[in-house]
Amino acid sequence: MSLMADPEIVDLYVLRRFVTAPAAFVQMVVTLYESAPPRRMQTPGGRLMSSEMTNCGALGWVSDHAGYRYVTQDPLTGSAWPEMPEAFRDLAGRAALAAGFGIFEPDACLINCYRGPAQMGAHRDADERDFSQPIVSVSLGAPAYFLWYGAQRRGSPAKLWLESGDVVVWGRSARKGYHAVQRPQGEVRYNLTLRKAG
DNA sequence: GAGTTTCG
DNA sequence: GCGG
């Protein structure tokens, strides 16, 4: 267990049960799905990711054969991504403050839906312009293990059990840390990843 | 470069 | 298509 020995782990915070009404957030996600349907994106290598994604906010993260990037319009509908609900921005701002990252004003919210065996392999959030801004990750629905690898994609990760309403915030030395998500321990798990992308 | 069924 |  290198959890305490890893210097960047101090820049990763777990705010347990930070969301007071997770069910209301799930309902907002379902409403957003009406204008920006969840879809499985393709990796640059041509494989389908197992989680279903969509976005809200001025910028939305997409992946396809051409690579990873943020775009202002949903490739599926041709329209702008739906506006980010105030409750999302407010929650992210309060979480970043609580974790000691100061004022945080996200312009992008990636919404992931993990159903059944869906998972997310080890990666890092590295498509944003300003790495001084933290990442705020909100867990909703079924619990799942979150794996934190840190600076190196190899080795044994720290394993965090995340439940509905838990919020993870990372930045500074941990900003570009590798992480992964295991399959949900239940039917469906949603995750909001709030970022200052532009 | 966010992929690969829980494998027995 | 490369590179990240």
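So you know, we letter chains A, B, ... as the sequences are listed, proteins then strands, and number each from 1.
Annotation: cation-pi pair A/Lys176/A/Phe131 present, NZ/CZ under 6.0 Å from the ring centroid and within 45° of its normal. For A/Arg172 and A/Phe101, the positive end sits near the middle of the six-membered ring, less than 6.0 Å away and at most 45° from its axis.
Side-chain nitrogen and oxygen atoms of A/Gln119 include at least one within less than 4.0 Å of the OP1 or OP2 phosphate oxygen of B/dT4.
Atom P of nucleotide B/dG3 and atom CD of A/Gln42 are separated by 13 Å, given to the nearest angstrom. A/Tyr149 has its OH atom 13 Å from the P atom of B/dA2, to the nearest Å. For the pair A/Tyr114 OH and B/dG3 P, the interatomic distance rounds to 9 Å; values are reported in whole Å. Atom pair A/His65:NE2 and B/dG3:C1' shows a separation of 17 Å (rounding to whole Å applied). Taking atom CD1 of A/Ile135 as the reference point, atom P of B/dA2 lies 17 Å away to the nearest angstrom. Straight-line distance from the CZ atom of A/Arg47 to the P atom of B/dT4: 10 Å, rounded to whole Å. Distance, A/Arg69 CZ to C/dG3 P: 18 Å, rounded to whole Å. Atom-to-atom, CD of A/Glu52 to P of B/dA2 comes out at 19 Å; the value is rounded to the nearest Å.
In terms of heavy atoms, A/Ile103 sits closest to A/Gln133 at O-OE1, 4.1 Å. When all heavy atoms of A/Ala144 and A/Gln182 are compared, the closest pair comes out as CB-O, 3.8 Å.
Here the side chain of A/Arg183 is nearest to one of B/dA2, B/dT4, B/dT5, namely B/dT5.
Nucleic acid contact for A/Ser63: none, since no nucleic acid atom lies under 4.0 Å from a heavy atom of the residue. Residue contacts for A/Gly45: at a heavy-atom cut-off of 4.0 Å it reaches no nucleic acid atom on any strand shown. Among the protein residues, A/Asp127 comes within range of the nucleic acid bases, having at least one heavy atom under 4.0 Å from a base atom.
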- Decide side-chain contact (heavy atoms from CB on, under 4.5 Å) for A/Phe25 and A/Leu192; before the verdict, give the C-alpha distance in whole Å, the side-chain angles of both, and the deciding distance to 0.1 Å. CA-CA 10 Å; A/Phe25 277 75; A/Leu192 312 177; 4.2 Å; yes
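Between A/Leu110 and A/Pro117, the one whose closest nucleotide on DNA chain B sits nearer the 5' end is A/Leu110.
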